[in-house]
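As structure tokens, the structure follows; a few thoughts come after it.
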Number of protein chains: 2
Amino acid sequence: MSKQAEFAVILKMNAMFADLGADELQRLSNLCHTQHLANGEVLFQKGDPGDALFGVRRGQVRIETGASDGSRLTLNFMGSGDLFGEVAVLDGQSRTADATAGEASELFVLRREDFLAFLEREPKVAIKIIALLCQRIRWQSERMEESMLQPLPVRLARRLCALAADFGSEVHISQEQLGVFVGAARESVNRQLQAWRKEAILDLQRGRILLRNMTKLTAIARNE
Amino acid sequence: MSKQAEFAVILKMNAMFADLGADELQRLSNLCHTQHLANGEVLFQKGDPGDALFGVRRGQVRIETGASDGSRLTLNFMGSGDLFGEVAVLDGQSRTADATAGEASELFVLRREDFLAFLEREPKVAIKIIALLCQRIRWQSERMEESMLQPLPVRLARRLCALAADFGSEVHISQEQLGVFVGAARESVNRQLQAWRKEAILDLQRGRILLRNMTKLTAIARNE
DNA sequence: GGAGAAGTGTGTCATAAGTCACATAACTTT
DNA sequence: AAAGTTATGTGACTTATGACACACTTCTCC
């Protein structure tokens, strides 16, 4: 499968472009480039000009925001097939968060200038974009509540459930990363995981978490 | 000034429609209705169908989200001239937050069906809407960081500064409301305010806060 | 295979905030 | 003006979590 066709599939999967016609999709896909990232490499930082949209071909990219004091909060975790940077590509303003490769990755890149030119040629797409943006706004609000009003066990359970949906019952992530992910200290994460291990909800290995009892975990995620 | 003309001014002020032509604006304004709310009356709740956009003609409306356990977090505080419900009116999905009148209020109402019909007639406006939505997304991200990564004094100072910008140095709000506003217990708010009073940063009265030293307050808001 | 690095397990302690329980104080209503 | 209601002030206690410190276990690389 050509690079372009692969990108078209990613676009199609991502709701933003889900109901574009095959022809529109193909013309859009033809505009893409690719880019490689080493593990830990920074793709962009807060404040950088937002001049492209990215799709993950393989690998993993963390979207995170850092407070001035160094505490970080991971907003999202993009895996194969995920798109990000839609906002920056539309309005061209600077990035609101940092993006770092969580492992060696390859990305599809759709540059702003190319995308805008496309939108100009195909105004019907603009209408669909509005719906996507609304969806994004809603998603953000939910995320907001989740991360601040809920206690750590709930946040942690939710993250694990979300990761399980992407990667199956064997989640490959360090406790440190998981800590950053839910906005908590590594030690706190560890203690909670230990407690759950004693309840046979999961098992722990170096850099890996094996989810044993998703039923209980989702119950915790729903806040009992 | 007619009701419609007044609504047109509000629309014009609110960036969403800032660069619409006077003619477009007028046709849009003609679609509005008005609605009255008593103090404490609920305009809509999370989950209600999102079938309208609102503009505050006079009064005050709180946009807040409630966790299941009853803890609440006020996301925004809409005063005269503010618009809200743009997202729901565009995608028609259910409300993501609650809206309650903070005092007796009068609202402009623009119904979804009317608005969509308008957009269909004037496709150029759709493009401008995209920019607004992007802006909204960015604003939300900032809000998110503010409210969760910062300690209470910082959040409180920021809110007071924001309120001061709207209402001057005499902010008319109860400590209870302020607590809901920054997502903290009333008592904690009180203790912090007391501490600031001892430092001559502000003065307290029943239902009222007098800001004495905005310099220090903004310093705290910037996290020292 | 030895040295170091990276990840993990756990104890102790400090601290910010929430909760509860009142005591006032200030407005409202009758 | 008496009674009730709402807003505020404050102390005592609890709890969740972060911070530090350190032991122990894998992995990796020379």
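Below, each value reflects all heavy atoms present in this structure, side chains not excepted, and no hydrogens, waters or symmetry copies. Chain naming here is simple, since letters A, B, ... match the order of the sequence lines and numbering starts at 1 in each.
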Sugar-phosphate, base or nothing in reach of B:Gln194, heavy atoms under 4.0 Å: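 Touches sugar-phosphate only.
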Sugar-phosphate only, base, or nothing, as touched by A:Gln192 at under 4.0 Å among non-hydrogen atoms: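 Since no nucleic acid heavy atom lies under 4.0 Å of A:Gln192, the category is nothing.
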Integer-rounded Å distance: [N] [atom2] and [X] [atom1]:
X	N	atom1	atom2	answer
B:Arg208	D:dT6	CZ	C1'	15 Å
A:Gln150	D:dA16	CD	C1'	14 Å
A:Glu176	D:dA19	CD	P	12 Å
B:Leu156	C:dA16	CG	P	15 Å
B:Gln205	C:dT24	CD	C1'	17 Å
A:Arg197	C:dG9	CZ	C1'	9 Å
B:Leu178	C:dA17	CG	C1'	16 Å
B:Ile173	D:dT8	CD1	C1'	15 Å

B:Gln175 side-chain N/O to D:dA7 phosphate OP1/OP2 under 4.0 Å: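 Negative; the distance criterion is not met.
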C:dT8 OP1/OP2 closer than 4.0 Å to side-chain N/O of A:Asn190: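 Answer is no, no contact under 4.0 Å.
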Can you tell which of [options] lies closest to the side chain of [X]?
X	options	answer
A:Leu152	D:dT17, C:dG7, D:dA19	D:dT17
B:Arg206	C:dT19, C:dT12, D:dT6	D:dT6
A:Ser174	C:dG7, D:dA7, D:dG9	C:dG7
A:Leu204	C:dG9, C:dT8, D:dT17	C:dG9
A:Ser188	D:dT17, C:dA21, D:dT8	D:dT17

Atom NE2 of A:His33: over 12 foreign heavy atoms under 6.0 Å: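 Yes, enclosed.
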Quiz item: A:Arg191 side-chain donor-acceptor pair to D:dG18 base, under 3.5 Å: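 No pair found.
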Base of D:dG18 paired with side chain of A:Arg186 (donor-acceptor, under 3.5 Å):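 Flag unset: no donor-acceptor pair detected.
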Flag side-chain contact, heavy atom, 4.5 Å: B:Arg158 against B:Val154: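 Counting from C-beta outward, B:Arg158 and B:Val154 do come under 4.5 Å.
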Member of B:Ile63, B:Leu107, B:Val109 meeting the side chain to side chain contact (heavy atoms under 4.5 Å, CB included) criterion with B:Leu43: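 Single pass found, and it is B:Leu107.
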Backbone N/O of B:Ala200 and side chain of B:Arg212: donor-acceptor pair under 3.5 Å: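 No, B:Arg212 side chain to B:Ala200 backbone: no donor-acceptor pair under 3.5 Å.
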Stepwise side-chain hydrogen bond (donor to acceptor under 3.5 Å, both in side chains) test for A:Arg197 and A:Gln194: CA-CA 5 Å; A:Arg197 193 179 50 152; A:Gln194 292 299 327; 2.7 Å; yes
